[in-house]
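Take a look at the structure set out below.
Throughout, protein chains are lettered first and strands after them, A, B, ... in sequence-line order, and every chain is numbered starting at 1.
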Amino acid sequence: MSIYDTLNTEQRKAVEHDKGPLLILAGAGSGKTRVLTHRIAYLMENKGVNPWNILALTFTNKAAGEMRERVDKIVGYGSENIWVSTFHSTCVKILRRWIDALGYDKGFTIYDSDDQKTLMREVCKYLQIDTKNMKERSLLSVISSAKDELVTPEEYELRAVGDFTKQKYASVYKEYQKRLKANNALDFDDLIFKTIELFQTSKEALTYYQRRFQYIMVDEYQDTNTAQFKLIKLMADGMNDNGVREHNLCVVGDDDQSIYKFRGANIYNILNFEKEYSDAKVIKLEQNYRSTKRILEAANEVIANNVGRKDKALWTDNGEGDSVRFTQFDRDIQEAEYIVNEIYQTVQSEEATYQDFAILYRTNAQSRIFEEKLVVKNIPYKIIGSINFYARKEVKDLLSYLKTIDNGLDSLAVKRIINIPKRGIGLATIDKVDDYAARNNISFYEALRQADYIPGLQRAASKISPFVSLIEILKSKIAQPDYSISNLLDEIIEATGYIEDLKEQELENEDDRIEIIGELKSKIVAFEEAALEPPTLSDFLEEVALVSDLDNLAEDNNVVVLMTLHSAKGLEFPYVYLCGMEEGIFPSYMSIHADDPETEIEEERRLCYVGITRAMKRLSLSACNQRMLRGETQFNRPSRFIREIPRYLLTMEQNPFNSNPFRSNSHASLVPEFNNRLQPAGVTRPGNGYQPSGVNYKEKFSNSSGQAGTLNNRDIYAGSIFDKNKSTAPQPREFGGSNLGKIDYGIGDTVSHIKFGVGLVTNINNAGKDYEVTVDFSAAGTKKMLASFAKLQKLS
DNA sequence: CCATTACACATTTTT
DNA sequence: TGTGTAATGG
């Protein structure tokens, strides 16, 4: 029995396809990762393909990591030579080696969206652009789209002739790009763009990678943009050793799960793949292994409302399963309370554990209310997205120190920290230094070093020099062999008094912030420990630039996860709650009122399809008649997507709280007209006659009835089965983290530290809200550390 | 230079 | 509602 015996016919066909372009249309849950990994194994084992010649591209680190793991498992020897990584890190790897051909330094830094915005603010200031009319974000998205479409600033300028606005954009784009280069920095889009530029500039580089990557595989192909496609095409266009162009390009995707058009994903990459490669073979994977029949049929019915999709019919051998449930609540708080309570009950009954549940919503703003209820119920949870760990203030500050030490050319980082903690260096000073730097064509940091010569600085210069010496000292430390990145971080925190400064500011969530610094430290230590050779500071900063918190999902084990539908793509959960199924929320107000609502609604529908197909066992949909949005109450009708699910698949629940008898009547008009088929039909797709009205219920309701204004929380909660008084409980943000305030060891105890190993506690001082612990480590000597920070484990 | 306050603003966002 | 930026006065 071979590993390929477990594949179905189509999967097997895909796995055994070895030469020439291949498009795999893989429906949700059809085992596409399995196919990719098995195909890699097959190529190596049966076709003698050298692992060195295989490239597998994904969009997320998580996907790359999972594929790597699975490939390692089934391939065995030689798997480490297979190049499995994300588009962006692939490009970084290539650029680190060759980018000097484009006039950049190989030690370039990568700017995240925050950095981009800061840089854009500088650009706007310089070009005297009123950011009230042209917002940084929209300018950045113009530039991003240009880069996605491979339009250079020069080309953009040429195309802008005669169009005032576009000319403005062109000058912004030009200046922005100029400054990136001056900072020796690339933004995310540049990583792709510059790699293509490299390939077009250096024949040597292109040929090198074409020869190397004889077999290319691309996951989530529907999400590729024009630039990414160009990149793939360039690499896949090489000749093999016999001078033949084989185009051994295998792309896997699902046009129904294309949900990133707003970010430049070009759906025609997948729809027109066969036109681009006329000899392409197409294989459809239509058997779903994930969901029950009912869930899958609901998904199929919804997505069938889209036109212009590749014809597909997902089916499953799984059981019928429970019926899909749609629950209508009066208010958003009830929705949250009900769902959280149900999760609690289900776990109590030992039917499931917390990690089996996902709460999915359209916008991040919807998470808050669930978080409140989860805290009250003491249920461990994790919110994905909203604020990226690496986007937190404290983390950005400390990383900016590391960046400054690593690459003085990154002026953004230097400017960020020059007055953190406060050194009495203000905007006026920074402007003067900036001026001087620009005039002398040197970097901001270099200008700081020459502060004494900058005219008009007198007093400020004396404040600058200690900062420069500090950075120089730290630079010399990290240059020493055996001096680790975590040592450096400690040194930075100590030398700058960062934590003390944080405490002095007396911010309300001080503990959280300190905990976050501890987390950063752990991440650095973990990174250092995972590396085979001691990693450089640049290595670490690069890693940081390319990770998101979705990547760390596996770290927290038994928690309920909350995330947007976008973040949920590629994941699966036994129990899925799809909440906020309301017109104006999902589909979003923006899509309903877009210039081209048809297209935008289709993207929302694909998002809905993604959401539904995340569920394995049970799917619960819910909507609320009224919800608080940005401080005002909104009244929304249930989502059109609910109506697109045939009635026979759904169990309807009306306001299970049923606390206020008159309410259920007053809202009778909110019950959607359903696709009233009571029996399954064949391959039907009747238009159900529904016309998107685009009219928010808010108008209708407030015109026809004044009741809304007379209701308050008390009315709704009267007779509630839940205790409303609990909702004011204190709110820890996440579980499993800090033990702040209590430590389980004392003087004389033996403890272990993640890095320093085992040691004896010799002293403990009460340092405000934290403890300063002195430990005598057998290997590392005596160290003083903050308890919240060091995460010491008691051994005896 | 820094703290306070007023004000605008708010889809989704793998990297 | 709640956050992050711009304007203001000390």
Practice item. Mind telling me whether A:F213 and A:Y209 have parallel, tilted or perpendicular rings, with 30° and 60° as the class edges? Key: parallel
Review point. Can you list the residues that meet the ring pair (Phe, Tyr, Trp, His ring centres under 6.0 Å) rule with A:F586, with sequence neighbours excluded?
Key: A:F641
Point to revise | Non-neighbouring partners of A:D254 that pass side-chain hydrogen bond (donor to acceptor under 3.5 Å, both in side chains), sequence neighbours left out | key: A:Q257, A:K312
**Study point:** side-chain hydrogen bond (donor to acceptor under 3.5 Å, both in side chains) against A:T429, all qualifying residues, sequence neighbours excluded
**Key:** none
Exercise for review: Could you work out which one of B:dT14, B:dT15, B:dT13 sits closest to the side chain of A:S567?
Suggested key: B:dT13
Practice item. State whether the side chain of A:T90 and the backbone N or O of A:T86 hold a donor-acceptor pair below 3.5 Å, judged by distance alone. Key: yes
Check your understanding: Could you write nucleotides 2-11 of chain B as a row of B, S and -, 5' to 3', where a protein heavy atom under 4.0 Å of any base atom gives B, of only sugar-phosphate atoms gives S, and otherwise -?
Key -> SS------BB
Review point. If you walk 5' to 3' along DNA chain C, what is the first nucleotide with an atom under 4.0 Å of a heavy atom in chain A, and what is the last?
Key: C:dT1 to C:dT5
Review point. When all nucleic acid strands are considered with a 4.0 Å heavy-atom cut-off, which category describes A:A428: base, sugar-phosphate, or nothing?
Key: sugar-phosphate
Review point. With a 4.0 Å cut-off on heavy atoms, is A:F87 in touch with a base, just the backbone sugar-phosphate, or nothing at all?
Key: nothing
**Study point:** Structure string for DNA chain B in dot-bracket form, Watson-Crick and G-U at under 3.5 Å, | interchain
**Key:** ||||||||||.....
Practice item. May I ask whether A:F262 stacks on the base of B:dT12, given the cut-offs of 5.5 Å between ring centres and 30° between planes? Key: yes
